[in-house]
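Note: hydrogens, waters and symmetry copies are ignored here, and every other heavy atom, side chains too, is used. Index from 1, following the sequence. Since the structure is predicted, the reported quantities are computational estimates derived from the model, not experimental observations.
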Amino acid sequence: GLCAAVIASLLSARQWRRWTPLLFWGVCLLLVLVLVPGIGVKVKGARRWLRIAGVSVQPSELAKIALPMWTCLLLTTRADRLQHWWSGTVPILWPTLMIAPLVLVEPDLGTAAFLVMGTALALYLGGWPWTRFAMLGLLLVPAAAGVLLLKPYQQQRITGFLQTWTDLDMAHYQIRQ
């Protein structure tokens, strides 16, 4: 990780901007490959890893970097169109609408939620209009109702997270840390 941080710090913003599409599409490809039996490694019911030369790689972790970078790139290149409903919404949201379901299928609810929140933060910082946030919020109401359809262990994790705010001793280990 330290080596990656040093290398990343040596690259210019121009290089990162140029490599962002390659990084994004590479992560998309890896997320699809994870779901292919025989290529993706299944551990305890989740198919989230690729093993390459004895090293396990989790593409959804790379998506946590690639998706916000791609969103920010789209925001900066389309800044003049942000106020228009169609051209300021659909091109900005399609990457998240493409990657989040791939991560949910693995299944990895926490990372999918993190990706959506990371995109929302990038949109907020990029000056996306508040009316779009309100409309997205209304669209997410049915998705929030879909939480009732989650698997029991997923419901347990969500209720455990919410219980943390009332009694830290009842929280799961990861949340306490």
Can you see which heavy atom on Thr96 is nearest to which on Pro101, and at what distance? O-CD, 3.8 Å
Leu29 and Leu33: side-chain contact (heavy atoms from CB on, under 4.5 Å), yes or no, with the steps? CA-CA 6 Å; Leu29 177 64; Leu33 288 176; 4.1 Å; yes
What's the shortest heavy-atom distance between Thr71 and Ala122, and which atoms? CG2-CB, 4.0 Å
Is it true that Val116 and Val105 fall in one hydrophobic cluster, defined by side-chain heavy atoms closer than 4.5 Å? no
same_hphob_cluster(Phe114, Leu104) at 4.5 Å side-chain heavy-atom cutoff: no
In one Ile/Leu/Val/Met/Phe/Trp/Tyr side-chain cluster, 4.5 Å: Leu22, Leu30: no
Please report the closest heavy-atom contact between Ala112 and Val103, naming both atoms and the distance. N-CG1, 3.8 Å
Please tell me if the side chains of Ser12 and Gln15 come closer than 4.5 Å, counting only heavy atoms from C-beta onward. yes
With the 4.5 Å side-chain cut-off for hydrophobic clustering, are Leu50 and Leu102 part of the same group? yes
Heavy-atom distance under 4.5 Å between the side chains of Val34 and Ile39, does that happen here? no
Side chain to side chain contact (heavy atoms under 4.5 Å, CB included) against Trp19, all qualifying residues, sequence neighbours excluded: Leu11
Those residues that, when tested against Tyr124, pass ring pair (Phe, Tyr, Trp, His ring centres under 6.0 Å) (two or more places apart): Trp130
Can you tell me how far apart CG (Leu136) and OG1 (Thr131) are? Round to the nearest 0.5 Å. 10.0 Å
List in chain and number order the residues that pass side chain to side chain contact (heavy atoms under 4.5 Å, CB included) with Ser56, two or more places apart in sequence or in another chain; answer none if no residue qualifies. Trp49, Arg51
If you apply the rule side-chain contact (heavy atoms from CB on, under 4.5 Å), what do you find for Leu123 with Leu93, and how did you get there? CA-CA 9 Å; Leu123 292 171; Leu93 291 181; 3.8 Å; yes
Which residues share a side chain to side chain contact (heavy atoms under 4.5 Å, CB included) with Leu125, sequence neighbours left out: Leu121
Shared hydrophobic cluster for Val27 and Val36 (ILVMFWY, side-chain gaps under 4.5 Å): yes
Quick one: pull up CG in Leu31 and CD in Glu106 and give me the separation to the nearest 0.5 Å. 6.0 Å
Holding to side chain to side chain donor-acceptor pair (under 3.5 Å), I want the full list of residues that pass it with Thr76, two or more places apart in sequence or in another chain. Arg17
Pair Ile65, Phe24 - check side-chain contact (heavy atoms from CB on, under 4.5 Å), show working. CA-CA 9 Å; Ile65 298 167; Phe24 175 78; over 6 Å; no
Nearest heavy-atom contact between Pro68 and Ala63 is CD-O, 3.7 Å
Does a donor on one side chain and an acceptor on the other come within less than 3.5 Å for Ser60 and Thr111? no
Expected output: side-chain Trp94 to main-chain Pro91 donor-acceptor under 3.5 Å: yes
Contacts of Thr20 meeting side chain to side chain contact (heavy atoms under 4.5 Å, CB included) (sequence neighbours excluded), chain-then-number -> Met69, Trp70, Leu73
Any donor-acceptor pair under 3.5 Å from Glu61 side chain to Gln58 backbone: no
What are the two closest non-hydrogen atoms of Gly126 and Leu75, and how far apart are they? CA-CD1, 4.0 Å
